[in-house]
S.K.: 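Got a structure here, written out as structure tokens. Questions coming.
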Amino acid sequence: MAQGQISVRRVMMTGVALVALTACEDFDFDLRGDIGDGFDTTRAVQELPNRPRPDDRGVISYPNYQVVVARRDDTIRGIAIRLGLDANELAEYNGIEPDVILRRDEIIALPTRVAEPSLATGALTNGPIQPLDVSAVATSALDRADASGTVTAAPLPPAATPAAAPAAPVLTGAEPIRHQVARGETAFSISRLYNVSVPRIAEWNGLDSQFTIREGQFLLIPQDGASPVATPASAPVTAPGQGTQTPLPPSASAPLPVAVAPEAAPTPPPAPDLGTPASASTARFSAPVQGSIIRGYAPGSNEGVDFGVPAGTAVQAADGGTVAAVTTDTSGGSIVVIKHNDGLLTVYTQMDDLTVSKNDTVSRGQKIGEVRAADTPFLHFEVRRGLQSVDPTDFLP
């Protein structure tokens, strides 16, 4: 049962990614599609506000690893030739064939280090991006201490003032986590694993509008909200307590307004007697299968509910609408997303033998597939408003 729950969480997140497509099916997430002749966003995309700019070879270098940012129509073989690497080794390391055309801005991990970026290769600074070292910018006032603990300062001879060029800035920033995609993972499950938003992961790694990832692919997971910045080697250091003044709270300069007691609300008239309700259900959605809920809605761990039913049970559309997406996750499970006329979306996972395709119009209760065979077969069902999940039981009979 534990393994089944883990699979649900992974498959569920793929359904969430597809929900984002329903608002605009052909939207190119980062405007890297072909908009027209002469329009090229290469420079704008590669100079992302939250990702360091690569050098002219496409290399971004950190102390523990290096990656290459793919160009338009780049291949693993082309990158290998450009950097003097073995194409087959580079392809195997990244889980992709050597001659597959890469998406622009896709991240390719290097199995071995190449020559460091420098001003000569078009980088902003020389060498890898370094973590911010507090001790490097702090100055020491201890030149010598005698046995009694007395501190004395060693006098220095007057320094000459050569007309030398200023020192090159140092590029600093937090080193991203380099995550290799495992079987069954999605961009959304990785987003939850590291608590980093999917759009930010997509920007850093050049993902397409469907947030597609592949098994064996390396992703960079940013660790803070700031991009690496170039700082002078001798940055000024201010003493604690100096700098921006603490703003004065409003209560210190003006008294709080006098509280006014609210007026009592008028007593509403008694509700009319409407008689016994009709036997027909007025619930917004009908249950997609007839079975007990074996796992309830728990935002953050389960974005829907799981119905325990036998394998092969027919899955029915919870209401009429349009099939917005039909896909599978990396483990092979089918995912169907239906968009309804009031903007709600329903998501169905853990299915096989689908009977619908994308853009099909379905009616309430229409069969869309069957529950997939598993050690503990179940149907995972979600209700969403855009990307926000809501409790499906609030909409079911």
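For this chain, numbers begin at 1 and follow the sequence in order.
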S.K.: Quick one: does Pro176's side chain get under 4.5 Å of Tyr65's, heavy atoms only?
M.R.: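 Pro176 reaches Tyr65 side chain to side chain.
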
S.K.: Treating Ile, Leu, Val, Met, Phe, Trp and Tyr as nodes and any side-chain heavy-atom pair under 4.5 angstrom as an edge, say whether Ile76 and Leu219 lie in one connected cluster.
M.R.: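 Shared cluster, no.
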
S.K.: Mind checking whether Thr328 and Ile335 have side chains closer than 4.5 Å, heavy atoms only?
M.R.: no

S.K.: With a 3.5 Å distance limit and no angle check, can you tell me whether Arg71 reaches the backbone of Asp105 through a side-chain donor-acceptor pair?
M.R.: no

S.K.: Determine yes or no for a side-chain-to-main-chain donor-acceptor pair under 3.5 angstrom, with Ser118 supplying the side chain and Ala120 the backbone.
M.R.: yes

S.K.: Can you name the nearest heavy-atom pair linking Val326 to Val323, along with the distance?
M.R.: CG2-CG1, 3.4 Å

S.K.: Under the 3.5 angstrom rule, does the side chain of Asp352 hit a backbone N or O of Arg372 as a donor-acceptor pair?
M.R.: no

S.K.: Locate the shortest heavy-atom distance separating Ile213 from Ala187; write the atom from each residue and the value.
M.R.: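 That would be CD1-N, 3.5 Å.
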
S.K.: Check whether any side-chain heavy atom of Phe218 lies under 4.5 Å from a side-chain heavy atom of His179, and answer yes or no.
M.R.: no

S.K.: Is the backbone of Val305 close enough, under 3.5 Å, to the side chain of Arg295 for a donor and an acceptor to pair up by distance?
M.R.: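 It does not hold such a pair.
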
S.K.: Do Glu382 and Ser389 get their side chains close enough for a donor-acceptor pair, meaning under 3.5 Å?
M.R.: no

S.K.: Is Leu85 linked to Ile81 within one hydrophobic cluster, defined over Ile, Leu, Val, Met, Phe, Trp and Tyr using a side-chain heavy-atom separation of less than 4.5 Å?
M.R.: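 Hydrophobic grouping puts Leu85 apart from Ile81.
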
S.K.: When you measure from the side chain of Asp360 to the backbone N and O of Ser357, does any donor-acceptor pair fall under 3.5 Å?
M.R.: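 Present.
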
S.K.: Between the side chain of Asn88 and the main-chain N/O of Pro98, is any donor-acceptor distance below 3.5 Å?
M.R.: no

S.K.: Is Ser286 close to Arg364 at the side-chain level, that is, under 4.5 Å between some pair of heavy atoms?
M.R.: yes

S.K.: How long is the gap from CG on Asn205 to CZ on Arg103, to the nearest 0.5 Å?
M.R.: 12.0 Å

S.K.: Hey, quick one: are Val59 and Ile79 part of the same hydrophobic cluster, counting side-chain heavy atoms closer than 4.5 Å, chains of contacts allowed?
M.R.: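 Linked within one cluster.
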
S.K.: Are there over 12 heavy-atom neighbours, none belonging to Gln388, within less than 6.0 Å of that residue's CD?
M.R.: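 Counting neighbours around CD of Gln388, 12 or fewer heavy atoms of other residues, nucleotides or ligands fall under 6.0 Å, so no.
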
S.K.: Nearest 0.5 Å, please: how far is CG in Leu102 from CG in Asp73?
M.R.: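 Result: 10.0 Å between the selected atoms.
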
S.K.: Under 3.5 Å, which donor-acceptor pairs do the side chains of residues 340-348 form with other protein atoms, sequence neighbours left out?
M.R.:
| residue | atom | partner | partner atom | Å |
| --- | --- | --- | --- | --- |
| His340 | ND1 | Gly320 | O | 2.8 |
| His340 | NE2 | Thr346 | OG1 | 2.8 |
| Asp342 | OD1 | Arg284 | NH2 | 3.0 |
| Asp342 | OD1 | Leu344 | N | 3.3 |
| Asp342 | OD2 | Arg284 | NE | 2.8 |
| Asp342 | OD2 | Arg284 | NH2 | 3.0 |
| Thr346 | OG1 | Tyr348 | OH | 2.9 |
| Tyr348 | OH | Ala318 | N | 2.9 |

S.K.: Tell me whether Asn94 contacts the main-chain N or O of Leu90 through its side chain, where contact means a donor paired with an acceptor under 3.5 Å.
M.R.: yes

S.K.: Can you tell me if Gln223 uses its side chain to pair, donor with acceptor, with the backbone of Ile221 under 3.5 Å?
M.R.: yes

S.K.: Is it true that, when you exclude Gln366 itself, more than 12 heavy atoms of the residues, nucleotides or ligands shown sit nearer than 6.0 Å to its CD?
M.R.: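 Yes - once you tally the heavy atoms of other residues, nucleotides and ligands closer than 6.0 Å, there are more than 12.
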
S.K.: If you define the side chain from C-beta out and look only at heavy atoms, does anything of Val390 sit under 4.5 Å from Arg385?
M.R.: yes

S.K.: Taking the side chain from Gln350 and the backbone from Leu379, do they hold a donor-acceptor pair closer than 3.5 Å?
M.R.: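 No, because the side chain of Gln350 does not come within donor-acceptor range (under 3.5 Å) of the backbone of Leu379.
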
S.K.: Closest heavy-atom contact between Tyr297 and Glu303?
M.R.: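 Shortest heavy-atom contact: CE1-O, 3.4 Å.
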
S.K.: Do Ile101 and Asp74 have side chains that get closer than 4.5 Å, going by heavy atoms?
M.R.: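 No, every pair of side-chain atoms sits at 4.5 Å or beyond.
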
S.K.: Let me confirm one number: the OG1-CD1 distance from Thr75 to Ile96, rounded to the nearest 0.5 Å.
M.R.: 9.5 Å

S.K.: Quick one, Glu185 with Arg214, criterion salt bridge (Lys or Arg N to Asp or Glu O under 4.0 Å). Give me CA distance, side-chain angles, the key distance, then yes/no.
M.R.: CA-CA 9 Å; Glu185 286 187 317; Arg214 66 177 182 277; over 6 Å; no

S.K.: Ring centroids only, cut at 6.0 angstrom: are Phe211 and Phe188 within range, meaning strictly under it?
M.R.: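 For Phe211 and Phe188, the ring centres are under 6.0 Å apart.
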
S.K.: Looking at Ser334 and Leu354, what are the two nearest heavy atoms and their distance?
M.R.: CB-CD1, 3.9 Å

S.K.: Determine, using the 4.5 Å side-chain heavy-atom cutoff (strictly less than), whether Leu207 and Ile177 are members of one ILVMFWY cluster.
M.R.: yes

S.K.: Looking only at non-hydrogen atoms, find the nearest pair between Thr355 and Gly369 and report the distance.
M.R.: OG1-N, 3.9 Å

S.K.: Are Phe381 and Val315 co-members of a hydrophobic cluster defined by side-chain heavy atoms under 4.5 Å apart?
M.R.: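 Cluster IDs for Val315 and Phe381 match.
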
S.K.: Quick check: do Asp306 and Ile293 have side-chain heavy atoms less than 4.5 Å from each other?
M.R.: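 Heavy-atom side-chain distance check fails, nothing below 4.5 Å.
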
S.K.: Return the minimal non-hydrogen interatomic distance between Thr121 and Pro117, and the atom names on each side.
M.R.: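 Residues Thr121 and Pro117, closest heavy atoms: OG1-CA, 3.5 Å.
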
S.K.: Side-chain contact test, heavy atoms from C-beta onward, threshold under 4.5 Å: evaluate it for Ser191 versus Arg200 and give yes or no.
M.R.: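 No. Closest side-chain heavy atoms not under 4.5 Å.
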
S.K.: What distance do Leu220 atom CG and Glu175 atom CD have between them, rounded to the nearest 0.5 Å?
M.R.: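 Answer for the CG-CD pair, Leu220 versus Glu175, is 9.5 Å.
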
S.K.: Quick check for you: to the nearest 0.5 Å, what is the distance between Thr313 atom OG1 and Lys367 atom NZ?
M.R.: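 Atom-to-atom, Thr313:OG1 and Lys367:NZ are 10.0 Å apart.
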
S.K.: Give, for atom OG of Ser61 and atom CZ of Arg113, the distance between the pair rounded to the nearest 0.5 Å.
M.R.: 4.0 Å

S.K.: So does Glu97 have more than 12 non-hydrogen atoms from other groups sitting under 6.0 Å from CD?
M.R.: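 Open.
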
S.K.: Students often mix this up, so state it plainly: with edges at 30° and 60°, are the rings of Phe285 and Phe395 parallel, tilted or perpendicular?
M.R.: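 The arrangement is tilted - the two ring planes meet at 30° to 60°.
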
S.K.: Main chain of Val114, side chain of Gln66: is a donor-acceptor contact present, judged purely on distance under 3.5 Å?
M.R.: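 Here the side-chain-to-backbone pair exists.
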
S.K.: Begin with the C-alpha distance, continue with both residues' side-chain angles, and end with the deciding distance and a verdict on side-chain contact (heavy atoms from CB on, under 4.5 Å) for Asn126 and Leu119.
M.R.: CA-CA 6 Å; Asn126 296 326; Leu119 300 179; 3.6 Å; yes

